[in-house]
A.B. asks: 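The structure under discussion is supplied below as structure tokens; questions concerning it will follow.
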Amino acid sequence: MTATTAARRIGVGTALPALAVVPLLRHTIAVHAAPDDQPWRTACPCGKPLWPHAIGPSGRCGGCGVRVGAPPYAVEAATLAGAAGLAVSGLGGFALAGYAVWTAAMIVLAFVDAAVMRLPHRITAAATAGFLGLLALGGPAGAWVRAVSAGLVLAAFFAVLAAASRGQLGWGDVTLAVPLAAALGWHSWNAVYAGVLLGLGTAALTAITLRRLGRLASGTSLPLGPFLIAAAYTVAVWP
């Protein structure tokens with residue numbers, strides 16, 4: 001088998017499962033992308049249920065055409081990119097399964113936070129349980145203990161920051177710290193430091209740049225989740 005043929009088979013074998021899960025991700029994003037003072041969505045404003053009317057790549061309701069989900073083709077692109085990174089990461093077995101579940105949940109959280117600055121605790125909890133549960137089935141026990149310890153330490157650190165910042169850092173970010181640090185801690189403590197610093201640094205640099213360009217008003221915050229998630233994924237997949 002040539003390298004080109006192998007690459008094509010890997011590409012197809014990666015893309016098809018990734019695209020198959022996209023409708024579920026789109027539905028989950030549409031359900032949870034509701035402002036903090038409103039309940040989770042169950043239907044489009046026209047009354048049609050989100051499933052199956054709002055799971056297409058356009059993100060629009062199949063009945064009335066109103067967009068109720070993520071931007072067109074954005075979830076598809078993010079999912080394919082996430083799957084491609086996992087395919088070349090060298091992970092295998094339960095570790096690969098754990099990081100696949102983690103990546104899918106992080107995609108949902110990133111889009112929801114970007115849309116309404118909200119990080120649903122139930123998705124964060126499911127991501128943590130799925131990731132740690134799968135990794136507990138296979139892999140070094142020391143790495144699993146380090147992952148749990150990293151999640152608890154970073155969550156405690158973020159909790160202190162949230163209390164001191166008086167709203168600048170939300171409690172959704174505190175709970176998000178657990179699966180983020182766990183995914184990084186599975187590799188090493190250095191990966192935890194690198195991922196967190198990269199995420200916070202990128203967020204700060206983006207906010208400063210947007211303010212200087214006049215595209216972010218003073219006192220307005222950016223959603224921190226997408227920056228932390230992108231940085232953690234990058235460091236975790238290419239440690």
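The first residue of the sequence shown is numbered 1, and numbering continues consecutively from there. The basis for the numbers below is simple: all heavy atoms, side chains too, and nothing from hydrogens, waters or symmetry mates.
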A.B. asks: How long is the gap from CE on Met117 to CG on Leu224, to the nearest 0.5 Å?
C.D. replies: 8.5 Å
A.B. asks: Does Pro140 reach the side chain of Arg146, with side-chain heavy atoms less than 4.5 Å apart?
C.D. replies: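 A side-chain contact under 4.5 Å is absent here.
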A.B. asks: Find the distance between CG (Leu19) and CG (Leu80) and round it off to the nearest 0.5 Å.
C.D. replies: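 The CG atom of Leu19 sits 4.5 Å away from the CG atom of Leu80.
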A.B. asks: Can you give me the closest heavy-atom contact between Trp51 and Pro23, atom names plus distance?
C.D. replies: CZ3-O, 3.6 Å
A.B. asks: If I take atom CG from residue Leu86 and atom OH from residue Tyr99, how far apart are they, to the nearest 0.5 angstrom?
C.D. replies: 10.0 Å
A.B. asks: NE2 of His121 to CG of Leu119: how many Å apart, nearest 0.5 Å?
C.D. replies: 8.5 Å
A.B. asks: Does Trp189 belong to the same Ile/Leu/Val/Met/Phe/Trp/Tyr cluster as Val178, with side-chain heavy atoms less than 4.5 Å apart forming each link?
C.D. replies: no
A.B. asks: Is Leu109 close to Pro120 at the side-chain level, that is, under 4.5 Å between some pair of heavy atoms?
C.D. replies: yes
A.B. asks: Once you round to the nearest 0.5 Å, how far does CD1 of Ile123 lie from CD1 of Ile107?
C.D. replies: 12.0 Å
A.B. asks: Do you know the tightest heavy-atom contact between Val68 and Ala30?
C.D. replies: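 For Val68 versus Ala30, the nearest heavy atoms are O-CB, 3.6 Å.
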A.B. asks: Quiz question: by atom type and distance under 3.5 Å, do the side chains of His32 and Arg122 form a donor-acceptor pair?
C.D. replies: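 Yes, because at least one side-chain N or O of His32 sits under 3.5 Å from a partner of the opposite role on Arg122.
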A.B. asks: Looking only at non-hydrogen atoms, find the nearest pair between Trp186 and Gly138 and report the distance.
C.D. replies: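 Smallest heavy-atom distance, with atoms named: CH2-O, 3.9 Å.
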A.B. asks: The test is side-chain contact (heavy atoms from CB on, under 4.5 Å); show your working for Arg215 and Thr209 and say whether it passes.
C.D. replies: CA-CA 9 Å; Arg215 297 184 179 179; Thr209 302; over 6 Å; no
A.B. asks: Side-chain heavy atoms under 4.5 angstrom apart, residues restricted to Ile, Leu, Val, Met, Phe, Trp, Tyr: same cluster for Val237 and Val192?
C.D. replies: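 Yes; tracing contacts between hydrophobic side chains, which count when under 4.5 Å, links both residues.
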A.B. asks: Quick one: do Leu228 and Ile208 end up in the same hydrophobic cluster if we chain Ile, Leu, Val, Met, Phe, Trp and Tyr together by side-chain heavy atoms under 4.5 Å apart?
C.D. replies: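 They do not share one cluster, since no chain of ILVMFWY contacts under 4.5 Å joins Leu228 to Ile208.
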A.B. asks: Please confirm whether the ring centroid of Phe111 lies under 6.0 Å from the ring centroid of His27.
C.D. replies: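 Distance test on ring centres: not under 6.0 Å, no.
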A.B. asks: Using the rule that two of Ile, Leu, Val, Met, Phe, Trp, Tyr join whenever any of their side-chain heavy atoms come within less than 4.5 Å, decide whether Tyr193 and Tyr233 are in one cluster.
C.D. replies: yes
A.B. asks: Would Leu50 and Ile55 count as a side-chain contact (heavy atoms from CB on, under 4.5 Å) if you check the C-alpha gap in whole Å, the side-chain angles of each, and the deciding distance to 0.1 Å?
C.D. replies: CA-CA 7 Å; Leu50 294 177; Ile55 62 172; over 6 Å; no
A.B. asks: Evaluate the side-chain contact (heavy atoms from CB on, under 4.5 Å) criterion for residues Leu169 and Phe158: first the C-alpha distance (whole Å), next the side-chain angles of each, then the deciding distance (0.1 Å), finally the verdict.
C.D. replies: CA-CA 8 Å; Leu169 186 70; Phe158 272 23; 4.2 Å; yes
A.B. asks: Write out all pairs satisfying side chain to side chain donor-acceptor pair (under 3.5 Å) with one or both partners inside residues 58-83, taking only residues at least two apart or from two chains.
C.D. replies: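 Passing the test, one end in residues 58-83: Arg26-Glu76.
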A.B. asks: Could you report the tightest heavy-atom contact between Leu25 and Ala104, atom names first, then the distance?
C.D. replies: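 Nearest pair, atom of Leu25 first, then Ala104: CD2-O, 3.9 Å.
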A.B. asks: Is there a side-chain contact (heavy atoms from CB on, under 4.5 Å) between Leu134 and Trp102? Walk through the geometry before answering.
C.D. replies: CA-CA 10 Å; Leu134 285 167; Trp102 181 89; over 6 Å; no
A.B. asks: Quick check: do Phe157 and Val160 have side-chain heavy atoms less than 4.5 Å from each other?
C.D. replies: no
A.B. asks: Under a single-linkage definition using a 4.5 Å side-chain heavy-atom cutoff for Ile, Leu, Val, Met, Phe, Trp and Tyr, are Val148 and Val196 assigned to the same hydrophobic cluster?
C.D. replies: yes
A.B. asks: Measuring only between side-chain heavy atoms, which start at C-beta, is Pro45 closer than 4.5 Å to Cys64?
C.D. replies: no
A.B. asks: Testing Leu205, Thr206, Leu200 for side-chain contact (heavy atoms from CB on, under 4.5 Å) with Phe227, which one passes?
C.D. replies: Thr206
A.B. asks: Is the shortest heavy-atom distance from the side chain of Leu222 to the side chain of Leu210 under 4.5 Å?
C.D. replies: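 Yes. Closest side-chain heavy atoms under 4.5 Å.
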A.B. asks: For the backbone of Gly199 and the side chain of Thr202, can you confirm whether one donor and one acceptor N or O come within less than 3.5 Å of each other?
C.D. replies: no
A.B. asks: If you look at every heavy atom in Ala191 and Ser188, which pair is closest and at what distance?
C.D. replies: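 Scanning both residues, the minimum pair turns out to be N-OG, 3.1 Å.
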A.B. asks: Kindly give the heavy-atom pair with the smallest separation between Ala232 and Leu180, and that separation in Å.
C.D. replies: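 That closest heavy-atom pairing would be CB-CD2, 3.7 Å.
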A.B. asks: Hey, does the Lys NZ or Arg CZ of Arg118 hover above the aromatic six-ring of Trp40, less than 6.0 Å from the centre and inside 45° of the axis?
C.D. replies: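 Arg118 over Trp40 ring: yes.
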A.B. asks: Measure the spacing between SG of Cys61 and NZ of Lys48 and express it to the nearest 0.5 Å.
C.D. replies: 7.0 Å
A.B. asks: Is a donor on one side and an acceptor on the other found under 3.5 Å between the side chain of Asp173 and the backbone of Gly170?
C.D. replies: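 The answer is yes, because a donor-acceptor pair under 3.5 Å joins these two groups.
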